[in-house]
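Sequence lines set the chain letters: A, B, ... in the order given, protein chains first and strands last, and positions in each chain run from 1.
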Amino acid sequence: MILINLVHNLISEAIVQAKTDGFIPRDYNVTFTVERPQNKDHGDFATNLPLRLAGILKMNPVAIGERILPLVTGSPQIQKMWIQPPGFINFSLSENWVQSQVDQVVTLGDSFGNTDFGNNEKLQVEFVSVNPTGPVHVGHTRGAVLGDTLSRILAAAGYDVTKEYYVNDTGNQMETFYQSLYIRYKQRFGHNVNMPENGYMGDYMIDIAGEISEEEHKILSLEESEGIRKIGKIGLSMMLNRIESDLQRLGINFDVWFREYILHDNGHVTDILNRLIESKNISVEEGATWLKSSSLGEDKDNVLIRSNGSPTYFAADIAYHYDKFANRQFSKVIDIWGADHQGHVSRMKTALGALGLNEDRLIIILSQLVTLKQDDQLLKVSKRSGDLITLPDLLDYVGADACRYFFLSRSPDSQMEFDLDLARKESSENPVYYIQYAHARISSIIRLAEQSRIDIEDGDVELLTNPAEIALIKKILTLPELIESIAINLEPHHLAHYSQELATAFHWFYRQCRVISTDVGDENITKARAKLVKASGIALKRCLQLMGMTAPETM
RNA sequence: GCGCUUGUAGCUCAGUUGGAUAGAGCGCAGCCCUGCGAAGGCUGAGGCCGUGGGUUCAAGUCCCGCCAAGCGCGCCA
C-alpha cells in the first residue's frame with residue numbers, strides 16, 4: 001500500500017474510534033489532510049486533524065491531539081507519532097522498515113513504482129491530433145510530450161491506456177491543402193499558376209510536391225478537379241507519414257490513428273444528429289442545422305450542418321467522442337488540446353451531456369501556447385505563412401531528451417517562452433544532463449562492483465544508517481506515491497522535478513558515503529551500499545523511462 | 001465587452017489542493033578531488049508571492065475588485 005494512504009487509514013480508524021467514544025459527534029463529517037512536511041523536524045508525515053477539529057470541539061488543538069493520538073494504532077512502518085504545536089500529529093517512519101525496502105525495490109526491479117490503482121480501467125488519451133495540412137511544430141510538441149508522458153504514467157498506475165491520434169482528414173482546411181499542393185506540383189513542372197488566397201505557403205509543400213512522381217501518378221494529364229483529388233490523397237498520406245516519423249523521433253508511438261472520414265462514411269455523424277433531434281436539442285435556422293446549446297447553458301448555439309449541407313468539424317467531433325464512450329467503451333477519455341481550442345471545451349461537454357453521457361468522463365487538458373524566441377525576437381508561428389519551427393528542427397537543435405524534459409517540467413497551464421538560443425547553448429547545463437549523469441554514475445559503480453566480484457544481492461540493508469543513505473531510500477520510496485498522485489491529478493510535470501530531487505539525493509549520498517571500498521573490514525558495508533546504488537538506479541531509470549528519455553550507462 | 005489561463009529570487013519555473021521558517025535549476029560570490037564519474041558536493045547573497053480588500057486558528061493557495069500578459073468568442077479546424 002502507498003505509504004501516505006496507510007497513514008490516512010490509521011487516522012480514519014482513529015476517528016471512527018473517537019466517534020464511538022463520543023469524543024467527536026457521530027454525525028460530524030471530519031475532513032483532514034495528510035502531507036509530507038517540508039521540515040524534517042516534523043517527521044515523514046503530518047496530519048492537521050486536531051486543527052480541523054478545534055472549531056467544532058471548541059478545544060485547544062494540542063489537547064485534541066492528545067485525545068486522538070492514543071486512538072491511532074501502530075503499524076510496522078511507523079516508528080513514532082507525536083503532537084506538535086499548533087496542533088499537528090506527526091509521524092516518522094521506522095528506520096528498519098525503510099532499510100528493508102531497499103531489498104523490496106531490488107526484487108521488484110523494473111516494475112518498481114507500478115501500482116494497481118487504475119484497476120485496469122479502460123482509458124484513452126488523445127493528443128497531438130495535428131491537422132495533416134502541415135508538420136508538427138513546437139506548440140504541438142508540448143502537448144505531444146504531455147500526452148505521451150501522461151499515458152506512460154497512467155499505464156504504470158494500473159490503467160489500460162490507449163494512445164490515439166485523431167486525423168482531421170476532411171473539411172475546408174484539407175481542401176485548401178489539396179489545392180495548395182496541386183499548385184505547387186504544377187509550378188514544379190513550369191506552369192505559371194498562383195497559390196490560392198489562404199494556401200499553405202510552407203516549403204514543405206514544395207518538398208512534398210517534389211517527391212511525387214509524375215511517371216507513376218500522371219497527375220498533370222488529369223482534369224483539374226480530378227488531379228486535385230488524386231494528388232490530395234497522395235499528399236495526405238505523405239504528410240501523415242512525416243508526422244508519424246517525426247513523433248517517433250521524439251519517442252512517441254500511437255496505438256490508434258483514427259480517421260475522421262470514417263465517421264462520415266459509416267453514418268456516425270448522421271446517427272448523432274438523429275439522436276440530438278430525438279432529444280429535442282436541434283433547430284433549423286437560416287438553412288443550417290444548429291445544436292441548441294444556449295438552452296443548455298452555453299453562450300450561443302452552434303452549427304452542426306451548414307446551409308450548404310456539409311457537416312461542421314463540431315458535428316464530427318461530437319460523433320467522434322460519442323464513439324469513444326458508447327461504442328469503444330472507454331470509461332474515461334483524456335483529450336489534450338492547445339489553448340486555442342479552449343472555447344470548444346464547454347460546448348463539447350455540453351453536447352455529450354445532451355446525448356445522455358456523463359460529461360465528467362471527458363477530461364480536457366489545455367496546454368498553453370508556446371512562443372518562440374530567437375535573437376531576442378519573438379517568432380510568430382503560423383502554418384500558412386510557413387514561418388514555423390517544426391518538431392524535426394527542434395530535435396536537431398536540442399535533441400529528444402532535452403526537448404521532452406524541457407516541455408514536461410512545466411505545468412501545462414502556464415504559457416511558456418521557448419528561447420531557442422538558450423535551449424541550444426545550455427545543452428551541457430540542462431537539468432536533463434544532471435539526471436542522466438546520476439544514472440551514468442550509478443551504472444559506473446555497478447560495473448565496478450561487478451568487476452570486483454562484489455555480491456550485491458548479499459548486502460545487509462540494516463547497515464544503511466547514514467542520514468544520506470536514509471534520505472536517499474526515503475526519496476526512492478516516494479515514487480509509487482508520486483505515480484499515483486499524477487494519475488489522480490494528471491500533472492506529470494511533478495515527475496520531472498522528482499527526478500531531479502532523486503538525482504540530488506543520490507549525488508549527496510555519493511559524496512557522503514564511499515560505496516566500493518577495498519579496505520579490510522568494509523566488505524559488508526560495500527555490499528549494502530552497492531545494493532542501495534542498484535535500487536537508486538532502478539528508481540531513476542524508471543523515471544527516465546516514464547518521461548520517455550534515455551537512461552545512459554555512460555556519457 | 002464577455003469567457004479561459006497566467007503573474008512567486010536577476011532569469012526559467014515548482015509550490016503536495018488551506019498548514020509549521022516560501023523552494024529548485026541557471027546566473028552571481030566563495031569552499032571541496034594524491035580512492036568508486038567534479039556533467040558532482042557544500043556555503044552565501046538574492047522575495048511586498050502583480051495590487052487592494054475579504055473569509056479563519058492559519059492564505060502564495062479560497063472569494064471579490066483592480067492592473068498587466070496570452071488565448072478564445074466563425075456556417076475554420
Side-chain angles (χ1 to χ4, degrees), chain A residues 4 33-39 41-42 46-48 51-52 54-55 60-61 84-88 90 129-131 133 168 170-174 176 198 260 286-290 299-300 302-308 310-314 316-317 338-346 366 368-369 371 406 409-417 419 422 426 428-431 433-438 440-449 452 478 481-482 485 489 491 493-494 496-497 500-501 503-504 506-519 526 529-530 533 554-555:
Chain A
I4 201 160
T33 58
V34 178
E35 60 174 18
R36 291 178 171 274
Q38 36 194 353
N39 187 333
D41 296 341
H42 300 148
T47 180
N48 59 359
L51 287 161
R52 290 292 175 87
N60 180 310
Q84 203 160 324
F88 292 95
N90 296 333
S129 301
V130 176
N131 286 359
T133 53
N168 294 120
T170 320
N172 291 339
Q173 294 193 359
M174 284 318 294
T176 306
N198 286 318
E260 181 189 346
E286 301 168 36
T289 305
W290 300 71
D299 290 346
K300 55 188 181 64
N302 295 97
V303 172
L304 295 176
I305 308 293
R306 300 183 184 93
S307 46
N308 71 6
S310 67
T312 60
Y313 165 84
F314 185 42
D317 214 16
D340 53 340
H341 287 62
Q342 155 252 115
H344 193 58
V345 172
S346 98
L366 297 176
Q368 291 296 321
L369 301 186
T371 51
F406 194 86
S409 58
R410 284 150 174 79
S411 160
D413 46 25
S414 67
Q415 60 219 44
M416 58 181 284
E417 197 173 82
D419 186 329
L422 190 68
E426 262 195 347
S428 66
E429 295 155 6
N430 198 302
Y433 293 93
Y434 177 85
I435 296 163
Q436 290 182 325
Y437 179 69
R441 194 179 232 183
I442 287 167
S443 304
S444 167
I445 298 171
I446 298 295
R447 277 195 301 272
L448 182 64
S452 314
T478 56
E481 190 177 307
L482 180 73
S485 79
N489 297 325
E491 292 176 348
H493 64 279
H494 294 295
H497 292 94
Q500 184 159 4
E501 288 165 14
T504 299
F506 180 78
H507 287 311
W508 189 54
F509 153 79
Y510 176 84
R511 272 291 141 203
Q512 299 292 312
C513 303
R514 173 80 199 173
V515 180
I516 311 292
S517 166
T518 50
D519 291 358
T526 289
R529 284 178 175 161
V533 171
T554 59
M555 19 188 326

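- Following rounding to the nearest Å, A:His42 (NE2) and B:U21 (P) show an atom-to-atom distance of 8 Å.
- Within 4.0 Å (heavy atoms only), A:Arg52 reaches at least one base atom of the nucleic acid.
- One interatomic measurement links the two molecules: CZ of A:Phe88 to P of B:U21, which rounds to 9 Å at whole-angstrom precision.
- Taking A:Phe88 as the reference, nothing meets the ring-ring contact (aromatic ring centres under 6.0 Å, His included) condition, with sequence neighbours excluded.
- To the nearest angstrom, P of B:G70 lies 15 Å from CD of A:Gln342.
- Across the protein-nucleic acid pair, A:Gln436 atom CD and B:G37 atom C1' stand 15 Å apart, rounded to whole Å.
- Using a 3.5 Å distance cut-off with no hydrogens or angles, the side chains of A:His494 and A:Asn489 do not pair a donor with an acceptor.
- Using a 4.0 Å heavy-atom cutoff across all strands shown, A:Ala46 reaches at least one base atom of the nucleic acid.
- Atoms CZ (A:Arg410) and P (B:U12) sit 10 Å apart, rounded to a whole Å.
- Closest approach to the A:Asn39 side chain among B:C36, B:U21, B:G41 is made by B:U21 (side chain taken as heavy atoms from C-beta onward).
- Summary of the strand contacts: A:Arg441 and A:Thr47 both lie near RNA chain B, and taking for each the nucleotide with the nearest heavy atom, the more 5' one is attributed to A:Thr47.
- Distances were taken from every side-chain heavy atom of A:Asp340 (C-beta onward) to each of B:G40, B:G15, B:G72; the shortest belongs to B:G72.
- Between A:His507 atom NE2 and B:C36 atom C1' there is a gap of 14 Å when expressed in whole angstrom units.
- For the pair A:Asn172 and B:C76, the criterion of a side-chain N or O lying under 4.0 Å from OP1 or OP2 is met.
- Comparing A:Thr554 and A:Gly55 against RNA chain B, the residue whose closest nucleotide sits nearer the 5' end is A:Thr554.
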